[in-house]
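When reading the values below, keep in mind they use all heavy atoms of this one structure, side chains included, and skip hydrogens, waters and symmetry mates. In this chain, numbering begins with 1 at the start of the sequence shown.
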Amino acid sequence: MAEKLAPEQRHSFFHGDQKVFEWDQTLEEVNIYITLPPNTSTKLFYCKIQSKHVELGIKGNPPYLNHDLSSPVKTDCSFWTIEDDIMHITLQKRDKGQTWASPILGQGQLDPYSADVEQKRLMLQRFQEECGARYRAADGETYFTASKRYILQLESGEWSKNCGRYDDSGETLQNPGFDFSQAQFSGNCPDPRTFMGGIRSD
């Protein structure tokens with residue numbers, strides 16, 4: 001069910017009137033998609049990913065992109081591939097759950113509405129992760145009723161008072177399979193990175 005909370009569409013990054021690339025994000029990754037020029041061998045393209053910088057282009061030519069990133073990434077988990085004339089760059093966020101307004105520092109920022117939509121979608125991903133580890137539906141409760149109850153608890157500040165249901169041994173119960181892909185926040189959305197005391201380190 002996590003795939004239901006995956007990005008529904010990509011954002012476009014423009015320089016003037018030219019679309020430079022498209023991008024999207026999840027809790028853990030930022031993905032950049034670049035359409036490559038036709039009739040050029042894939043062996044000529046390169047991409048260098050550093051913790052706060054990305055450079056790519058065609059060997060022997062000025063770089064197509066050579067910019068600082070908005071936030072640090074894990075270089076050992078970041079990579080790039082080429083398929084069907086598309087370069088796909090996967091940047092592993094150093095701070096899981098952080099909402100990026102743009103891959104490039106100081107450029108191409110999402111408008112306030114789009115940024116809010118992104119944060120709410122990432123928060124629902126985080127919420128589903130937490131519920132998967134902590135919750136089960138009460139007796140006779142449907143998934144829809146339970147999902148709505150947990151969203152209302154979050155908005156009212158009751159989450160911290162009701163953050164787990166336990167079996168007789170005191171162990172946290174396992175993933176009940178709740179689907180929050182259709183849930184919505186009616187109030188202020190928490191930061192998915194710092195929610196519930198922050199995301200635990202890998």
Practice problem: List in chain and number order the residues that pass salt bridge (Lys or Arg N to Asp or Glu O under 4.0 Å) with E118, two or more places apart in sequence or in another chain; answer none if no residue qualifies. | Solution: R121
Quiz item: Any idea which heavy atoms bring R126 and L27 closest together, and the distance?
Solution: N-CD1, 3.6 Å
Practice problem: Please round to the nearest 0.5 Å and tell me the distance separating atom CD of Q107 and atom NE2 of H67. | Solution: 5.0 Å
Quick one: side chains of residues 79-91, donor-acceptor pairs under 3.5 Å with protein atoms, not counting sequence neighbours, listed by atom name and distance.
from, atom 1, to, atom 2, distance (Å)
W80, NE1, C47, O, 3.3
H88, NE2, N31, OD1, 3.0
H88, NE2, T90, OG1, 3.3
T90, OG1, N31, OD1, 3.3

Self-check item: Connected via hydrophobic side-chain network under 4.5 Å: L110 and V30
Solution: yes
Quiz item: What is the distance from atom OG of S78 to atom CD of Q92, rounded to the nearest 0.5 Å?
Solution: 6.5 Å
Self-check item: Partner set under side chain to side chain contact (heavy atoms under 4.5 Å, CB included) for P37, not counting sequence neighbours
Solution: T40, F45, I58
Quiz item: By side chain to side chain donor-acceptor pair (under 3.5 Å), which residues pair with D111, not counting sequence neighbours?
Solution: S114
Quiz item: How many angstroms lie between atom CD of Q119 and atom OG1 of T99, to the nearest 0.5 angstrom?
Solution: 4.5 Å
Practice problem: Only counting residues at least two apart or in another chain, list the ones meeting ring-ring contact (aromatic ring centres under 6.0 Å, His included) with H11. | Solution: W23
Exercise. Hey, could you give me the CZ/CZ distance between F14 and F21, rounded to the nearest 0.5 Å?
Key: 11.0 Å
Quiz item: Charged N to carboxylate O below 4.0 Å: is that the case for E28 and K96?
Solution: yes
Exercise. Write out all pairs satisfying side-chain hydrogen bond (donor to acceptor under 3.5 Å, both in side chains) with one or both partners inside residues 43-54, taking only residues at least two apart or from two chains.
Key: Y46-E55, H53-N66, H53-D68
Practice problem: Could you identify which residues cluster with Y113, counting Ile, Leu, Val, Met, Phe, Trp and Tyr as linked when any side-chain heavy atoms lie under 4.5 Å apart, either directly or through a chain of such contacts? | Solution: V117
Quiz item: Looking at Q25 and Q98, what are the two nearest heavy atoms and their distance?
Solution: OE1-O, 3.7 Å
Practice problem: With sequence neighbours excluded, tell me which residues meet side chain to side chain contact (heavy atoms under 4.5 Å, CB included) with S102. | Solution: F13, S70, I104, Q109
Quiz item: Should L65 and I34 be marked as a side chain to side chain contact (heavy atoms under 4.5 Å, CB included) after you check the CA-CA gap, both sets of side-chain angles, and the distance that decides it?
Solution: CA-CA 10 Å; L65 277 182; I34 300 171; 4.1 Å; yes
Practice problem: Might you point out which heavy atoms bring W100 and V73 nearest each other, and give the distance in Å? | Solution: CH2-CG1, 3.7 Å
Quiz item: Out of curiosity, does L69 fall in the hydrophobic cluster containing L122 (side-chain heavy atoms, cut-off under 4.5 Å, transitive links)?
Solution: no
